[in-house]
Enquirer: 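Following this message is one structure expressed as structure tokens.
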Amino acid sequence: MKTCIIIPVYNHEQALPSVVAAIKPFGLQVFLIDDGSSKVCHEALEEFARREADWLTLIVRAENGGKGAAVLDGFRAAIAQGFTHALQIDADGQHRIDDIPRFLDASRQHPEALIAGFPVFGKEAPLSRQYGRQFTNLWVWINTLSFAIGDAMCGFRLYPLVAVERLCAYVRISRRMDFDIDIIVRLYWRGVRVINLPTRVSYPLVGISHFRLWQDNLMISKIHARLFFGMLARLPRLILRHWQ
């Protein structure tokens, strides 16, 4: 196994220094994907790349394409450099960096599996976001005919890149906030095992969320509908899977 870390970044210059500092001791190659950030954030990213050139690579997108587009660029760069697995983590400081060894250990034990973060929220987590996740997870269970995916929106995951590369050669994955839902359902459809790992998710004061309540919820509703019809086309195979 050869594992790297992918961090999509869009104007997270305030939270990113602590995230990068916390990740450094693990000794993993990191790809920072600048998804069309502001000048201030871009300059901060360039400084990180200069100062930590031995383990940090900066990939710059000319314009903002969405979280999914940034992560997919990171996947392509990781695959090109021979990495077999990629740990996706958000740049806003919500994820518990100390849990990285737990994800790595789970991946070593199950290298073919997708290790998916199952968020454990604190009291500061907005109830609207939690209710929205429940709605999404209900549809994901319907669209997989399974409870195998504990949470479809957590951005803390460790992907087997062979499975990701095969999937991306076969279908176009969603590029924006619906990315996390789309890719995990489609990987499950293709037989990838999902292992859910509980992890604390916080909402720090310096964190910046780019989730747009109405636009992104509409986008997520559309991906659920698209996946539902995809599930219908795979219905016999998904039912048979439970008997194997």
Enquirer: Hydrophobic cluster membership, with links at side-chain heavy-atom distances under 4.5 Å among I/L/V/M/F/W/Y: are Leu56 and Ile59 in one?
Expert: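 Leu56 does not cluster with Ile59.
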Enquirer: Spell out, as yes or no, whether a donor-acceptor pair under 3.5 Å connects the side chain of His85 to the backbone of Ser107.
Expert: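 No: the side chain of His85 does not pair with the backbone of Ser107.
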Enquirer: Does any non-hydrogen side-chain atom of Lys222 lie less than 4.5 Å from one of Ser174?
Expert: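 When only atoms from C-beta onward are counted, Lys222 and Ser174 do not touch, as no gap falls below 4.5 Å.
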Enquirer: Is there a path of hydrophobic side-chain contacts, each under 4.5 Å between heavy atoms, that joins Ile6 and Trp55?
Expert: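 No.
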Enquirer: What's the verdict on side-chain contact (heavy atoms from CB on, under 4.5 Å) for Ile181 and Val140, showing C-alpha distance, side-chain angles and the deciding distance?
Expert: CA-CA 8 Å; Ile181 300 167; Val140 166; 4.1 Å; yes
Enquirer: Going through the checks in order, is the side-chain contact (heavy atoms from CB on, under 4.5 Å) test met by Tyr10 and Asn64?
Expert: CA-CA 8 Å; Tyr10 179 59; Asn64 178 258; 3.4 Å; yes
Enquirer: Kindly indicate whether the side chain of Gln88, heavy atoms from C-beta on, has any atom under 4.5 Å from the side chain of Ile5.
Expert: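 Not touching, per the 4.5 Å side-chain cut-off.
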Enquirer: Checking the side chain of Asn143 only, and the main-chain atoms of His224 only, is there a donor and an acceptor separated by less than 3.5 Å?
Expert: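 Pair found, side chain donor or acceptor close to backbone of His224.
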Enquirer: How long is the span from the OH atom in Tyr159 to the SG atom in Cys4, to the nearest 0.5 Å?
Expert: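 Going from OH on Tyr159 over to SG on Cys4, the span is 12.5 Å.
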Enquirer: Out of curiosity, Arg175 CZ to Asp73 CG, how far, rounded to the nearest 0.5 Å?
Expert: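 It is 8.5 Å, given to the nearest 0.5 Å.
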Enquirer: Which residue pairs satisfy the salt bridge (Lys or Arg N to Asp or Glu O under 4.0 Å) criterion with at least one member in residues 154-167, sequence neighbours excluded?
Expert: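 Checked against salt bridge (Lys or Arg N to Asp or Glu O under 4.0 Å) - neighbours excluded - the pairs reaching residues 154-167 are Arg157-Asp180.
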Enquirer: Indicate the atoms forming the closest heavy-atom contact of Pro119 with Cys154, along with that distance.
Expert: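 In terms of heavy atoms, the two residues are closest at CD-CB, 4.1 Å.
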Enquirer: If the condition is side-chain hydrogen bond (donor to acceptor under 3.5 Å, both in side chains), which residues does Arg108 pass it with, not counting sequence neighbours?
Expert: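 Residues passing side-chain hydrogen bond (donor to acceptor under 3.5 Å, both in side chains) with Arg108: Asp105.
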Enquirer: Look at the side chain of Arg186 and the backbone N and O of Arg172, then say whether any donor-acceptor pair between them is shorter than 3.5 Å.
Expert: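 Between the backbone of Arg172 and the side chain of Arg186 there is no qualifying donor-acceptor contact (under 3.5 Å).
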Enquirer: State yes or no: do Val71 and Val20 share one hydrophobic cluster built from I, L, V, M, F, W and Y residues joined by side-chain heavy-atom distances below 4.5 Å, directly or via other members?
Expert: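 As far as the 4.5 Å side-chain criterion goes, Val20 and Val71 are not connected within one cluster.
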Enquirer: In chain order, what residues pass the side-chain hydrogen bond (donor to acceptor under 3.5 Å, both in side chains) check against Thr199, with sequence neighbours excluded?
Expert: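 Result, side-chain hydrogen bond (donor to acceptor under 3.5 Å, both in side chains) vs Thr199: Asp99.
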Enquirer: What distance do Asp92 atom CG and His12 atom NE2 have between them, rounded to the nearest 0.5 Å?
Expert: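 Those atoms lie 5.0 Å apart.
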Enquirer: Any cation-pi pair here, Lys67 with Phe179, using under 6.0 Å and within 45°?
Expert: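 No - Lys67 does not lie over the ring of Phe179 by the 6.0 Å and 45° rule.
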Enquirer: Roughly how far apart are Leu158 CG and Ile100 CD1, rounded to 0.5 Å?
Expert: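 That separation rounds to 9.5 Å.
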Enquirer: Using atom types as modelled and distance alone, determine if a side-chain donor or acceptor of His42 lies under 3.5 Å from a backbone N or O of Ser37.
Expert: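 No, His42 side chain to Ser37 backbone: no donor-acceptor pair under 3.5 Å.
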Enquirer: State which residues pass ring pair (Phe, Tyr, Trp, His ring centres under 6.0 Å) with Tyr188; sequence neighbours excluded, sorted by chain then number.
Expert: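 Applying ring pair (Phe, Tyr, Trp, His ring centres under 6.0 Å) to Tyr188 gives none.
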Enquirer: Suppose the criterion is salt bridge (Lys or Arg N to Asp or Glu O under 4.0 Å): which pairs have a residue in residues 28-41, not counting sequence neighbours?
Expert: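 Qualifying pairs, neighbours excluded: Asp35-Arg61.
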Enquirer: Indicate the atoms forming the closest heavy-atom contact of Pro111 with Met1, along with that distance.
Expert: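 The answer is CB-SD, 4.2 Å.
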Enquirer: What closest approach, in Å, do Pro160 and Leu114 show between heavy atoms, and which atom pair accounts for it?
Expert: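 Shortest heavy-atom separation between Pro160 and Leu114 comes out as CD-CA, 3.9 Å.
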Enquirer: Might you work through the side-chain contact (heavy atoms from CB on, under 4.5 Å) test for Ile142 and Leu227, ending with a clear yes or no?
Expert: CA-CA 10 Å; Ile142 292 171; Leu227 292 172; over 6 Å; no
Enquirer: Kindly state each residue pair satisfying salt bridge (Lys or Arg N to Asp or Glu O under 4.0 Å) with at least one member in residues 17-33, sequence neighbours excluded.
Expert: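 Salt bridge (Lys or Arg N to Asp or Glu O under 4.0 Å) check on residues 17-33 returns Lys24-Glu52.
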Enquirer: Test Ile220 against Met153 for side-chain contact (heavy atoms from CB on, under 4.5 Å), laying out the working first.
Expert: CA-CA 10 Å; Ile220 287 170; Met153 296 186 72; 3.7 Å; yes
Enquirer: Under the side chain to side chain contact (heavy atoms under 4.5 Å, CB included) test, which residues partner Arg50, sequence neighbours left out?
Expert: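 Arg50: side chain to side chain contact (heavy atoms under 4.5 Å, CB included) contacts with Glu46, Glu47.
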Enquirer: Would you please name every residue forming a side-chain hydrogen bond (donor to acceptor under 3.5 Å, both in side chains) with Ser38, sequence neighbours left out?
Expert: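 Ser38 satisfies side-chain hydrogen bond (donor to acceptor under 3.5 Å, both in side chains) with Asn11 once adjacent residues are dropped.
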Enquirer: Look at the side-chain heavy atoms of Ile, Leu, Val, Met, Phe, Trp and Tyr, link any pair under 4.5 Å apart, and say whether Phe121 and Ile97 land in one connected group.
Expert: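 Result: no, two separate clusters.
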Enquirer: From Ile33 CD1 over to Leu45 CG, what is the distance, rounded to the nearest 0.5 angstrom?
Expert: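 Rounded to the nearest 0.5 Å, the CD1-CG separation comes out at 10.0 Å.
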Enquirer: Using side-chain heavy atoms (C-beta onward) and a distance below 4.5 Å, is Ile23 in contact with Leu28?
Expert: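 Result no, sub-4.5 Å side-chain heavy-atom pair not found.
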Enquirer: Report yes if some heavy atom in the side chain of Val120 is under 4.5 Å from a heavy atom in the side chain of Val201; otherwise report no.
Expert: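 The answer is no, as the side chains (C-beta and beyond) never meet within the 4.5 Å cut-off.
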Enquirer: Quick check: do Val192 and Ile184 have side-chain heavy atoms less than 4.5 Å from each other?
Expert: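 Contact flag for Val192/Ile184 side chains = no.
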Enquirer: If you draw a 6.0 Å radius around CZ in Arg190, do more than 12 non-hydrogen atoms from other residues or ligands fall strictly inside?
Expert: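 Yes, CZ of Arg190 has more than 12 neighbouring heavy atoms, counting only those of other groups under 6.0 Å.
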Enquirer: Looking only at heavy atoms, which two atoms of Arg237 and Trp189 are closest? And how far apart?
Expert: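 Reported closest heavy-atom pair: NH1-O, 4.2 Å.
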Enquirer: Answer whether the closest heavy-atom distance between the side chains of Val171 and Asp182 falls below 4.5 Å.
Expert: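 No, every pair of side-chain atoms sits at 4.5 Å or beyond.
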Enquirer: Are Ile79 and Leu32 connected into the same hydrophobic cluster when the rule is that any two of I, L, V, M, F, W, Y join if their side-chain heavy atoms are below 4.5 Å apart?
Expert: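 As far as the 4.5 Å side-chain criterion goes, Ile79 and Leu32 are not connected within one cluster.
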Enquirer: Looking at every non-hydrogen atom in both residues, tell me the closest pair between Thr136 and Ala152 and how far apart they are.
Expert: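 Closest approach of Thr136 to Ala152, heavy atoms only: CG2-CB, 4.1 Å.
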Enquirer: Go through the structure and list residues passing side-chain hydrogen bond (donor to acceptor under 3.5 Å, both in side chains) with Asp151, not counting sequence neighbours.
Expert: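 Result, side-chain hydrogen bond (donor to acceptor under 3.5 Å, both in side chains) vs Asp151: Arg133, Asn137.
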Enquirer: Return the CG to CD1 distance between Leu187 and Ile149, rounded to the nearest 0.5 Å.
Expert: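 Here the rounded value is 8.5 Å.
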Enquirer: Not counting sequence neighbours, which residues clear ring pair (Phe, Tyr, Trp, His ring centres under 6.0 Å) with Phe103? List them please.
Expert: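 Result, ring pair (Phe, Tyr, Trp, His ring centres under 6.0 Å) vs Phe103: Phe156.
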Enquirer: Under 4.5 Å between any side-chain heavy atoms of Phe31 and Ile7, yes or no?
Expert: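 Not touching, per the 4.5 Å side-chain cut-off.
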Enquirer: Check whether any side-chain heavy atom of Leu235 sits under 4.5 Å from a side-chain heavy atom of Leu145, and report yes or no.
Expert: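 Yes; the side chains approach each other to less than 4.5 Å.
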Enquirer: Please name the pair of heavy atoms, one in Gly150 and one in Phe118, separated by the smallest distance, quoted to 0.1 Å.
Expert: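 Between these two residues, the closest heavy atoms are O-CE1, 3.4 Å.
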Enquirer: Tell me, please, which residues at least two apart from Cys168 pass side chain to side chain contact (heavy atoms under 4.5 Å, CB included).
Expert: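 Partners of Cys168 by the side chain to side chain contact (heavy atoms under 4.5 Å, CB included) criterion, ordered by chain and then number, come out as Leu72, Val164, Ile173.
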Enquirer: List in chain and number order the residues that pass ring pair (Phe, Tyr, Trp, His ring centres under 6.0 Å) with Phe147, two or more places apart in sequence or in another chain; answer none if no residue qualifies.
Expert: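 Counting only residues at least two positions away or on another chain, Phe147 forms a ring pair (Phe, Tyr, Trp, His ring centres under 6.0 Å) with Trp141.
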